[in-house]
Undergrad: 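Provided herewith is a single structure, encoded as structure tokens, for subsequent inquiry.
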Amino acid sequence: MIYPANEESLRIAAAALRAGEPVAFPTETVYGLGAGAFNPRALAKIFEIKGRPRFDPLIVHIAGLETLGDVVDLEALAPGVRDEVRRIGEAFWPGPLTLVLPKLPSVPDLATAGLATVAVRIPVHPVARELIRLSTGAVAAPSANRFGRLSPTRAEHVAEQLGDRLEIILDGGPAEVGIESTVLDMTDRPRILRPGGLPRARLEALLGPLPVSGLPVSGPSGELHSPGVWNSPGLLTSHYAPRTPLYLHDSGEMAGLEYREDEGYLFFSRGHGEPGDRGGALEVLSDEGDSLEAAANLFAALHRLDSLGLRAIHAEAAPPQALGEAINDRLRRAAAREP
Ligand code: AMP
Ligand code: MG
């Protein structure tokens with residue numbers, strides 16, 4: 001059931017987490033399905049509810065930098081790297097950035113898919129941070145959707161996919177960033193494992209040029225893991241997928257499409273020759289082409305198009321600046337077919 005987030009519902013949700021029951025809660029990226037990070041039985045329920053394969057590690061959410069040492073083995077980091085982690089944390093946390101760092105033995109294998117590292121993030125959303133503080137101090141949470149499907153950016157999206165499997169969905173309004181966190185590997189030299197809500201340029205302003213793991217642009221996803229992302233096991237080629245087949249186009253191709261009544265159109269911005277009013281089957285992510293606004297609208301627009309029973313959705317790729325990189329990453333995976 002959906003509960004508006006307030007003092008009382010937060011207390012109830014925190015008690016549920018402490019008792020080992022998963023709870024869905026708002027973050028600024030997407031809604032999360034949380035469980036106490038140190039409780040393997042609670043973590044197992046997340047995988048069950050989502051239908052998520054156990055090789056896909058979770059992001060552990062904490063409420064502040066002062067508790068980083070509860071999940072991360074800070075001693076295992078070289079002193080220079082430790083300082084760099086602190087600088088990054090101070091610059092970008094709370095925020096849509098996840099760091100991959102050496103884990104402490106107290107973090108169960110189920111949270112990390114048996115890896116020696118753990119992914120950690122401090123969310124901005126006050127409801128998320130308060131829930132973490134009131135419950136188990138560290139809350140492991142993937143997105144609150146069935147595995148491989150569209151991410152939820154509103155409480156109703158969670159209810160649609162998981163409502164029958166979950167007692168508590170805290171409603172904290174629409175997710176402001178609307179796209180999952182940027183994942184930065186800090187175990188060796190800094191490296192982006194997944195583009196996300198923190199634009200690469202902002203990280204590079206602090207850290208210098210960063211390599212990004214390559215992803216196949218299209219094609220059959222015969223292999224489970226894309227080459228180059230072997231050490232980030234959850235990054236599947238096909239993911240974030242609507243039920244309706246999705247096709248990704250550049251702006252030129254999109255402008256040249258013949259419009260059909262039974263197909264849907266997702267434009268990044270206006271002015272690329274989109275047809276006039278097509279009822280619900282046309283979405284424009286940002287009139288002005290602002291990638292932050294577009295990211296915030298992306299999943300809600302896909303949810304709407306996916307509910308119309310169309311035979312196909314055509315999506316326009318974003319210019320790769322700012323959050324365009326993360327938007328295109330999600331659209332490429334949404335377009336990828338299962339083998
Ligand atoms: P999400 O699906 O948004 O919960 O994000 C989790 C993703 O973060 C996983 O699918 C992995 O790709 C990545 N990730 C989590 N933990 C690790 C880790 N220890 N090492 C590398 N990547 C990780
Ligand atoms: Mg997810």
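Starting from 1, each residue takes its place in the sequence as its number. Start at 1 and go down the list; that is how both ligands and their atoms are numbered. All values reported here derive from a predicted model rather than from experimental measurement.
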Undergrad: Atoms of ligand 1 less than 4.0 Å from T117 heavy atoms?
TA: 18 (C), 19 (N), 20 (N)

Undergrad: Backbone N or O of A318 within a donor-acceptor pair of the N328 side chain at under 3.5 Å?
TA: yes

Undergrad: Donor-acceptor pairs under 3.5 Å, side chain of residues 64-80 to any protein atom, not counting sequence neighbours: which ones?
TA:
{"from": "T67", "atom 1": "OG1", "to": "G64", "atom 2": "O", "distance (Å)": "2.9"}
{"from": "D73", "atom 1": "OD1", "to": "E75", "atom 2": "N", "distance (Å)": "3.3"}
{"from": "D73", "atom 1": "OD1", "to": "A76", "atom 2": "N", "distance (Å)": "3.4"}

Undergrad: Starting from L323, walk the hydrophobic network (Ile, Leu, Val, Met, Phe, Trp, Tyr; side-chain heavy atoms closer than 4.5 Å) and list everyone else you reach, by chain and number.
TA: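 Members besides L323, by chain and number: L292.
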
Undergrad: For the Mg ion (ligand 2), which protein N/O/S atoms fall under 2.8 Å? Skip waters.
TA: S143 OG

Undergrad: Under 4.0 Å from a heavy atom of L193: which atoms of ligand 1 are those, numbered in the order shown and with their elements?
TA: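 Those qualifying, in numeric order: 21 (C), 22 (N).
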
Undergrad: Is there at least one pair of N or O atoms, one from R194 and one from ligand 1, spaced under 3.5 Å apart?
TA: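 Indeed, backbone or side chain, R194 has an N or O that close.
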
Undergrad: Kindly indicate whether the side chain of Y3, heavy atoms from C-beta on, has any atom under 4.5 Å from the side chain of I12.
TA: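 They are not in contact (no side-chain heavy atoms under 4.5 Å apart), so the answer is no.
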
Undergrad: Quick one: does L115 get a heavy atom under 4.0 Å from ligand 1?
TA: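 True for this residue.
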
Undergrad: Could you check whether any heavy atom of K50 sits closer than 4.0 Å to an atom of ligand 1, since that is the contact criterion I want to use?
TA: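 No heavy atom of K50 comes that close to ligand 1.
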
Undergrad: Could you tell me if the side chain of R311 sits less than 4.5 Å from the side chain of R260, heavy atoms only?
TA: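 Sidechains of R311 and R260: in contact.
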
Undergrad: Would you kindly say whether T27 and R121 are connected by a side-chain donor-acceptor distance under 3.5 Å?
TA: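 Note: T27 and R121 side chains meet the donor-acceptor criterion.
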
Undergrad: Provide the closest heavy-atom pair for K50 versus S143 in the form atom of the first, atom of the second, distance.
TA: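 That closest heavy-atom pairing would be NZ-O, 2.7 Å.
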
Undergrad: Using heavy-atom distances only, which candidate in H239, R52, H61 approaches atom 2 (O) of ligand 1 most closely?
TA: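 Residue with the shortest heavy-atom distance to the ligand atom: R52.
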
Undergrad: Would you mind listing which atoms of ligand 1 come within a distance below 4.0 Å of any non-hydrogen atom of A119?
TA: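 The list of qualifying atoms is 15 (C), 16 (N), 17 (C).
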
Undergrad: What atoms of ligand 1 come closer than 4.0 angstrom to any heavy atom of P142?
TA: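 Those atoms are 4 (O).
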
Undergrad: Return yes if some donor-acceptor pair links the side-chain N/O of Q161 with the main-chain N/O of N145 below 3.5 Å, else return no.
TA: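 Looks like no, no N/O pair under 3.5 Å.
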
Undergrad: Can you name the side chain to side chain donor-acceptor pair (under 3.5 Å) partners of E176, sequence neighbours left out?
TA: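 Listed in chain order: nothing, the list is empty.
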
Undergrad: Is the shortest heavy-atom distance from the side chain of L298 to the side chain of L285 under 4.5 Å?
TA: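 With C-beta onward as the side chain, the pair touches.
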
Undergrad: For ligand 1, which atoms sit closer than 4.0 Å to a heavy atom of D56?
TA: 9 (C), 10 (O)

